[in-house]
Asks: 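A single structure is presented below for examination.
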Amino acid sequence: MKKILKNCLMVLLPALVMAACGKTDELLYNQADMIYVESLPDSTDYTFATSPESVVSDSIVVNFRIIGKVSDKDRSISLVPAPNSTGKEGYHYKIGKAVVKANSFTAKVPVYVYRRPGLKDSTLTVTLRVTENQDFKPGYATRLRYKFTLTDILAKPTNWESTWAPYFGSYSAVKFRFLIAVTGKTTWNSGPLPQDSRYLSQKARNALLEYNQQYGALIDEFGQEVFFP
């Protein structure tokens, strides 16, 4: 009897395993594709104050990645501003084409920002959230939003202490404006390559030397002479 039972199990076990695998494959195949914000950090601070007055618009690029299968057609990403956002869509910013291209796992979505008069004395915040649509369900719960601030006020870059202080020392608005003017660099909240930092540092040192020789010491808003370590 035991031998018969053993033989039956040997016959049935492969079939049961195949059936279970088939159901698992079917579940995976039928699972809805999802999408999440791939950009890290998932926020940025944007100011027009580092750009010439002639610059009236720019863009912030947000990266996305899907969980699931690629498709042979383009698929749209649904992005909705959170209720507590203070920037007005269509006036302060506009979401560009939010599409995952056919046969792709990733997408880059531009958010166009506009220089408006009110930004001279205010800072707005916008939080864009991923919501469900006909193509995607929201992915990882902690990666479903992108937040940015928008202003035309000169502000200390969020990464000054970690990225720029080793090259330029302590922050002051006068020093920062001088750096913008002599280097032409307008984006300071991202980390450059080491060789780019060294180039900017040397360029700033040379420009400050020329300024001091021509006009005397450059004094910041704290009454301190501007210098680079």
Side-chain angles (χ1 to χ4, degrees), residues 21 23-48 50-51 55-115 123-151 157-160 162-164 185-197 200:
C21 290
K23 288 183 178 180
T24 301
D25 290 343
E26 183 179 357
L27 286 172
L28 289 173
Y29 184 81
N30 291 328
Q31 184 179 23
D33 294 329
M34 296 182 286
I35 195 160
Y36 65 95
V37 176
E38 188 179 33
S39 294
L40 287 176
D42 59 358
S43 62
T44 193
D45 297 315
Y46 186 94
T47 178
F48 279 103
T50 58
S51 300
V55 176
V56 295
S57 66
D58 201 351
S59 63
I60 300 168
V61 177
V62 187
N63 298 322
F64 294 85
R65 178 173 287 273
I66 70 168
I67 304 170
K69 309 174 297 298
V70 297
S71 173
D72 59 359
K73 63 180 181 68
D74 292 353
R75 292 178 289 180
S76 63
I77 304 168
S78 177
L79 296 173
V80 176
N84 62 346
S85 297
T86 55
K88 184 178 179 182
E89 187 175 6
Y91 181 73
H92 296 113
Y93 74 96
K94 182 178 72 173
I95 302 170
K97 191 173 183 180
V99 168
V100 178
K101 293 289 188 180
N103 303 310
S104 179
F105 284 99
T106 60
K108 293 181 180 294
V109 177
V111 179
Y112 302 104
V113 291
Y114 303 105
R115 196 172 207 164
T123 299
L124 306 178
T125 62
V126 177
T127 301
L128 299 177
R129 297 190 181 279
V130 176
T131 60
E132 183 176 347
N133 65 4
Q134 71 277 10
D135 291 320
F136 295 109
K137 288 182 177 295
Y140 302 119
T142 57
R143 305 282 293 277
L144 296 178
R145 62 108 192 187
Y146 190 87
K147 180 180 179 180
F148 65 91
T149 63
L150 182 63
T151 187
T158 54
N159 61 340
W160 181 274
S162 60
T163 301
W164 302 114
K185 183 175 176 61
T186 59
T187 305
W188 293 83
N189 281 319
S190 58
L193 296 173
Q195 59 267 30
D196 294 335
S197 297
L200 291 171

Asks: Just to verify, which of Arg143, Lys108, Arg65 counts as forming a salt bridge (charged side-chain N to carboxylate O under 4.0 Å, His left out) with Glu38?
Replies: Arg65
Asks: Can you find a pair of side-chain heavy atoms, one from Leu200 and one from Trp164, that are under 4.5 Å apart?
Replies: yes
Asks: In a check of ring-ring contact (aromatic ring centres under 6.0 Å, His included) between Tyr36 and each of Tyr140, Phe136, Phe105, which one passes?
Replies: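 In the set Tyr140, Phe136, Phe105, the residue that makes a ring-ring contact (aromatic ring centres under 6.0 Å, His included) with Tyr36 is Tyr140.
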Asks: Is the number of heavy atoms from other residues, nucleotides or ligands under 6.0 Å of Lys147 NZ greater than 12?
Replies: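 Counting neighbours around NZ of Lys147, 12 or fewer heavy atoms of other residues, nucleotides or ligands fall under 6.0 Å, so no.
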Asks: Ring-plane angle category for Phe48 and Tyr46, please: parallel below 30°, perpendicular beyond 60°, tilted otherwise.
Replies: perpendicular
Asks: Taking all atoms of both residues into account, what is the closest heavy-atom pair of Val109 and Ile95, and its distance?
Replies: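 So the two residues come closest at CG1-CG2, 4.1 Å.
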Asks: Is the shortest side-chain heavy-atom distance between Ser78 and Glu132 below 4.5 Å?
Replies: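 No; the side chains remain at least 4.5 Å from each other.
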Asks: Measure across Ser39 and Val61 and return the closest heavy-atom pair with its distance rounded to 0.1 Å.
Replies: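 Scanning both residues completely, I find the closest heavy atoms to be OG-O, 4.3 Å.
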Asks: Start with the C-alpha gap between Arg75 and Ile35, add the side-chain angles, then the distance that decides, and say whether side chain to side chain contact (heavy atoms under 4.5 Å, CB included) holds.
Replies: CA-CA 11 Å; Arg75 292 178 289 180; Ile35 195 160; over 6 Å; no
Asks: Does atom CZ of Arg145 have more than 12 heavy-atom neighbours, drawn from other residues, nucleotides or ligands, at distances under 6.0 Å?
Replies: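 Atom CZ in Arg145 is packed in, count exceeds 12.
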Asks: Return yes if a side-chain donor-acceptor contact under 3.5 Å exists between Ser51 and Asp58, otherwise no.
Replies: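 Not at all, the side chains of Ser51 and Asp58 share no donor-acceptor pair under 3.5 Å.
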Asks: Which of these, Thr158, Thr44, Asp45, Thr163, sits in a side-chain hydrogen bond (donor to acceptor under 3.5 Å, both in side chains) with Asn189?
Replies: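 Result: among Thr158, Thr44, Asp45, Thr163, Thr158 is the only option passing the side-chain hydrogen bond (donor to acceptor under 3.5 Å, both in side chains) with Asn189.
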Asks: Between Ser85 (side chain only) and Gly87 (backbone N and O only), is there a donor and an acceptor less than 3.5 Å apart?
Replies: no
